[in-house]
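This report concerns only the one structure given below.
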Amino acid sequence: MSLVGKKFPNVTIDAMSEMGDDLRINIFEEATANQQKVLLFWYPKDFTFVCPTELHAFQEALGEFEKRNTKVIGASCDTNEVHFAWLNVSKDNGGIEGVTYPILADTHRQLANLLGIVDQDFEYNDEGEEVFTGSNVTYRATYLIDETGKIFHESVNDMPLGRNVKEYLRLIDAYTHVQKHGEVCPANWEEGKDAMKADRTSTAEYLAKN
């Protein structure tokens, strides 16, 4: 079930800073109290394969997100201790040393289950007993939350598929344009390109030019 257009769950979760500090972070409050957008991205597991490439990609783009008044937060179901251990492994050894944004440690899967992004299922054996199946870790889910705590974008990738960080910058630019100008953004819109009014005349004029 999509959560777009709804308020992000108002729950507080353990997190780890790059300095090894134990934090408590509430994504809804990060957005509303600080009047900023939040990009929350979930990855399956620390010390894995595609995951460090994504964490470094978000780190490399961190300045661009900050220019857009957007806080980046990572998340998995690993513990704070495992996060900190991974933060102390160098990039050329598969680690995430140099990542400076906080990482949620949703070890009880409280938030991940509210979002419905955990790979878990149940089947019944021949004796009628419930048997757990699945990896019990999260898919590569991404949420963009606005200054009111509303989710304006969500996407979920299967575990082998890494994300395109530039697309989230484009989506933030488009949503900010909508907020500022009350226009809608057509397919492949990028900052500096024409947007449209939400009526047939404006759509026809846009299509005639493009």
Side-chain angles (χ1 to χ4, degrees), residues 8 12-27 30-31 34 36-112 115 117-120 134-145 151 153-173 175-176 190-191:
F8 195 86
T12 302
I13 302 295
D14 288 336
M16 171 57 57
S17 79
E18 82 278 10
M19 300 301 293
D21 298 319
D22 292 325
L23 308 174
R24 297 278 288 166
I25 292 179
N26 183 310
I27 299 296
E30 285 288 330
N34 297 318
Q36 62 183 351
K37 294 179 176 67
V38 175
L39 183 149
L40 173 67
F41 74 97
W42 293 81
Y43 61 92
K45 214 171 184 182
D46 292 359
F47 291 97
T48 50
F49 318 111
V50 175
C51 298
T53 70
E54 292 193 309
L55 272 81
H56 284 297
F58 279 109
Q59 178 65 36
E60 288 166 11
L62 196 59
E64 291 300 317
F65 287 106
E66 290 172 348
K67 287 179 188 175
R68 293 161 172 82
N69 191 34
T70 300
K71 185 177 183 69
V72 173
I73 299 174
S76 81
C77 297
D78 295 284
T79 66
N80 272 355
E81 291 77 14
V82 176
H83 286 337
F84 190 57
W86 204 23
L87 282 162
N88 281 281
V89 177
S90 65
K91 183 178 180 181
D92 58 5
N93 280 316
I96 59 167
E97 185 179 35
V99 166
T100 60
Y101 49 81
I103 305 173
L104 298 187
D106 189 18
T107 54
H108 298 294
R109 291 156 178 77
Q110 179 186 6
L111 180 54
L115 298 170
I117 57 172
V118 182
D119 174 30
Q120 57 183 207
S135 65
N136 205 31
V137 299
T138 66
Y139 294 104
R140 298 187 193 281
T142 313
Y143 297 88
L144 293 176
I145 301 110
I151 298 168
H153 169 83
E154 66 177 338
S155 59
V156 183
N157 291 7
D158 201 356
M159 295 174 194
L161 305 176
R163 282 162 276 218
N164 183 336
V165 173
K166 290 181 180 178
E167 173 62 4
Y168 300 110
L169 292 169
R170 189 193 73 84
L171 288 166
I172 292 167
D173 286 342
Y175 190 76
T176 301
E190 294 176 340
E191 186 66 48

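One-based numbering along the sequence shown.
The salt bridge (charged side-chain N to carboxylate O under 4.0 Å, His left out) search around Lys71 returns none, not counting sequence neighbours. For Glu167, the salt bridge (charged side-chain N to carboxylate O under 4.0 Å, His left out) partners two or more places apart in sequence, or in a different chain, are Arg170. Shown here are the ring-ring contact (aromatic ring centres under 6.0 Å, His included) partners of Phe49, two or more places apart in sequence or in another chain: there are none. Remark: His56 engages no residue in a ring-ring contact (aromatic ring centres under 6.0 Å, His included) (not counting sequence neighbours). Annotation: side-chain contact (heavy atoms from CB on, under 4.5 Å) contacts of Glu97 (sequence neighbours excluded): Ser90. Scored by the side-chain contact (heavy atoms from CB on, under 4.5 Å) test, Gln59 finds Leu62, Val99, Thr100, Tyr101 as partners (sequence neighbours excluded). Phe58 pairs by the ring-ring contact (aromatic ring centres under 6.0 Å, His included) definition with Phe41, not counting sequence neighbours. When the salt bridge (charged side-chain N to carboxylate O under 4.0 Å, His left out) test is applied to Asp14, the partners found at least two apart in sequence or on another chain are Arg24. Residues satisfying the side chain to side chain donor-acceptor pair (under 3.5 Å) test with Thr142, not counting sequence neighbours, are Arg163, Tyr168. Remark: Asp119 engages Ser135, Tyr139 in a side chain to side chain donor-acceptor pair (under 3.5 Å) (not counting sequence neighbours). Evaluation of the salt bridge (charged side-chain N to carboxylate O under 4.0 Å, His left out) rule for Lys166 yields no partner, not counting sequence neighbours.
To the nearest 0.5 angstrom, Glu54 atom CD is 12.0 Å from Ile96 atom CD1. The structure places OH of Tyr43 at 10.5 Å from CZ of Arg140, a figure rounded to the nearest 0.5 Å. Between the CH2 atom in Trp42 and the SG atom in Cys77 there is a gap of 5.5 Å [rounded to 0.5 Å].
The ring-ring contact (aromatic ring centres under 6.0 Å, His included) analysis of residues 64-84, with sequence neighbours excluded, yields no pairs.
Looking at Leu55 and Ile103, their side chains come closer than 4.5 Å, going by heavy atoms from C-beta outward. The side-chain heavy atoms of Asp78 and Trp86, taken from C-beta on, include no pair separated by under 4.5 Å.
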